[in-house]
Amino acid sequence: MTNVAQLGILILLSLSLLLHFSILLKIVPYHFVWGGRLKTDKEMYRFEMVSILINALFVVVILVQSKFIEIGLPQKIVTYTLWLMTGLFVLNTLGNLVSKNKFEKRVFTPVTILLSVFSLWLALSN
């Protein structure tokens with residue numbers, strides 16, 4: 001099951017990165033994310049850059065946790081980060097549930113629930 005969780009997170013985070021880069025490049029309108037609360041391009045650029053950095057960091061953590069890459073990161077830090085990821089994905093799920101955007105609520109809520117479950121599974125297995 002650990003491999004399923006690792007692969008699931010990597011796929012979902014890769015798709016998330018693709019979405020955030022698409023928003024940054026204005027291929028996808030930014031009202032689909034952040035609860036439909038972004039009002040300006042400046043806000044969008046700031047929030048999307050943070051999203052991209054966090055998602056990329058989480059991808060690296062999963063690659064380290066799965067031993068696909070080795071960078072000498074102590075196991076304890078990987079485990080703490082997995083717990084942090086779980087918490088952030090749970091908070092993100094709650095945010096999606098109160099989103100003004102129905103698309104975000106219906107599509108991204110199940111995605112963040114899966115990310116929460118996968119992260120929790122990996123944190124517990126570490």
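Positions are given from 1, in the same order as the sequence printed here.
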Practice prompt. Output, in order, the C-alpha distance, side-chain angles, deciding distance and verdict of side chain to side chain contact (heavy atoms under 4.5 Å, CB included) for Val50 and Ile54.
Written response: CA-CA 6 Å; Val50 169; Ile54 290 171; 3.6 Å; yes
Discussion item. Could you go through Tyr45 and Tyr30, starting from their C-alpha distance and side-chain angles, then the distance that decides it, and tell me whether this counts as ring pair (Phe, Tyr, Trp, His ring centres under 6.0 Å)?
Written reply: CA-CA 10 Å; Tyr45 287 122; Tyr30 58 78; 8.5 Å; no
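In this structure, the separation between OG1 on Thr86 and CH2 on Trp121 is 13.0 Å, given to the nearest 0.5 Å. In this structure, CG on Leu63 lies 9.0 Å from CD on Gln6, to the nearest 0.5 angstrom. For the atom pair CG of Leu12 and CG of Leu17, the computed distance is 11.5 Å after rounding to the nearest 0.5 Å. Here the CG-CG distance, from Leu15 to Leu18, works out to 6.5 Å after rounding to the nearest 0.5 Å. If you take OG on Ser99 and CG on Asn92, they are separated by 10.0 Å, rounding to the nearest 0.5 Å. Atom-to-atom distance recorded for Leu38:CG and Thr40:OG1 is 7.5 Å, nearest 0.5 angstrom.
Hydrophobic clustering places Met49 together with Val28 (ILVMFWY residues linked when any side-chain heavy atoms are closer than 4.5 Å, directly or through intermediates). In terms of hydrophobic clustering, with Ile, Leu, Val, Met, Phe, Trp and Tyr side chains grouped at heavy-atom distances under 4.5 Å, Val111 and Ile11 are assigned to different clusters. Residues Leu10 and Leu120 do not share a hydrophobic cluster, clusters being chains of Ile/Leu/Val/Met/Phe/Trp/Tyr side chains in contact below 4.5 Å. Residue Phe47 is grouped with residue Met44 when hydrophobic side chains (ILVMFWY) are merged at heavy-atom distances under 4.5 angstrom, including chains of intermediate members. Using a 4.5 Å cut-off between side-chain heavy atoms of Ile, Leu, Val, Met, Phe, Trp and Tyr, with links allowed through other members, Val61 and Val64 fall into the same hydrophobic cluster.
Looking at heavy atoms from C-beta onward, Leu82 lies in side-chain contact with Val78 at the 4.5 angstrom threshold. Looking at Phe108 and Leu19, their side chains come closer than 4.5 Å, going by heavy atoms from C-beta outward. For the pair Trp83/Asn126, no side-chain contact is recorded, criterion being any heavy-atom separation below 4.5 Å from C-beta on. Between Ser51 and Trp34, some side-chain heavy-atom pair lies under the 4.5 Å cut-off.
Of the possible polar contacts, none joining the Asn55 side chain to the Ser16 backbone as a donor-acceptor pair under 3.5 Å is found.
Annotation: Glu70, atom CD; neighbour count of heavy atoms from other residues, nucleotides and ligands within 6.0 Å does not exceed 12.
For the side chain to side chain contact (heavy atoms under 4.5 Å, CB included) with Met85, the lone residue among Ile62, Leu115, Leu122 that qualifies is Ile62.
For residues 96-107, no residue pair satisfies the salt bridge (charged side-chain N to carboxylate O under 4.0 Å, His left out) rule, not counting sequence neighbours. Counting only residues at least two apart or on different chains, the salt bridge (charged side-chain N to carboxylate O under 4.0 Å, His left out) pairs with a member in residues 13-32 are Lys26-Asp41. Applying the salt bridge (charged side-chain N to carboxylate O under 4.0 Å, His left out) test to pairs two or more places apart or on separate chains, none has a residue in residues 45-60.
The shortest non-hydrogen separation linking Arg37 to Glu43 is O-OE1, 4.3 Å. The two residues Phe118 and Gly8 have their closest heavy-atom pair at CE1-CA, 3.6 Å. Across all non-hydrogen atoms, the minimal contact from Thr93 to Ser116 is OG1-OG, 3.9 Å.
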